[in-house]
Amino acid sequence: MYSEEVMDHFSNPRNVGTIPDADGVGTEGNPVCGDLMKIFIKVKDNRIEDIKFQTFGCGAAIATSSMATELVKGKTLDEAMELSNQAVAKALGGLPGNKMHCSNLAADAIHAAIEDYRAKHPVASAASS
Ligand code: FES
């Protein structure tokens, strides 16, 4: 069964949507089920000022995206790079074993968005690190 946290983030997901003028965008696909997650970030002073997600996936993927975006909002890029898929699942009070693969998308998509930002803003990244 799903934890209360999973049900809460599934029923009322935080940070859903897109950021049209995003500083970085990351997309991650799940090889197990073919589902997809897209993360958009706005960066200011080396911190994640805003973050939104779009998930073409199951309820567990929506809940993990919602929790992951909450965990990194306001964090520095280096701190956000340290977020692991396991930490997101733990913050949600765990996931059923057969849904653990669904938690693999969120943190990886966030890391991809940060890498995209850093590739597009090499000077800003170097100056602020
Ligand atoms: Fe695909 Fe959950 S079944 S992410």
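This is a predicted model, so every value here is computed, not measured. Every number for a ligand or one of its atoms is a count from 1 in the order of the listing.
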## Note on the structure
On a heavy-atom basis, the closest approach of V88 and T64 is CG1-O, 3.5 Å

### Query
Taking the minimum heavy-atom distance to atom 1 (Fe) of ligand 1, which of G57, C33, G29 ranks first?
C33

### Message
At less than 2.8 Å, would any N/O/S atom of H101, backbone or side chain, sit next to atom 2 (Fe) of ligand 1?
### Response
no

### Task
May I have the step-by-step check of side-chain contact (heavy atoms from CB on, under 4.5 Å) for T69 and K52, ending in yes or no?
CA-CA 7 Å; T69 54; K52 298 264 189 243; over 6 Å; no

### Numbered atoms of ligand 1 (with element) below 4.0 Å of A61, judged on heavy atoms
4 (S)

### Between CE on residue M37 and CD1 on residue I62, distance to nearest 0.5 Å
8.5 Å

#### Entry: D35 side chain to N30 backbone, donor-acceptor under 3.5 Å
no

### Query
Does K44 pair with D50 as a salt bridge, N-O distance under 4.0 Å?
no

### Summary
With heavy atoms and a 4.0 Å threshold, my read on which part of A60 contacts ligand 1 is neither

### Task
Could you tell me which atoms of ligand 1, counted from 1 in the order shown, lie closer than 4.0 angstrom to a heavy atom of K99?
2 (Fe), 3 (S)

### Query
Which atoms from ligand 1 have a heavy atom of C58 less than 4.0 Å away?
2 (Fe), 3 (S), 4 (S)

### Message
Between atom 1 (Fe) of ligand 1 and D35, which N, O or S atom of the residue is the nearest one?
### Response
OD2

### Message
Treating D45 as the side-chain partner and R47 as the backbone partner, does any N or O pair qualify as donor plus acceptor under 3.5 Å?
### Response
no

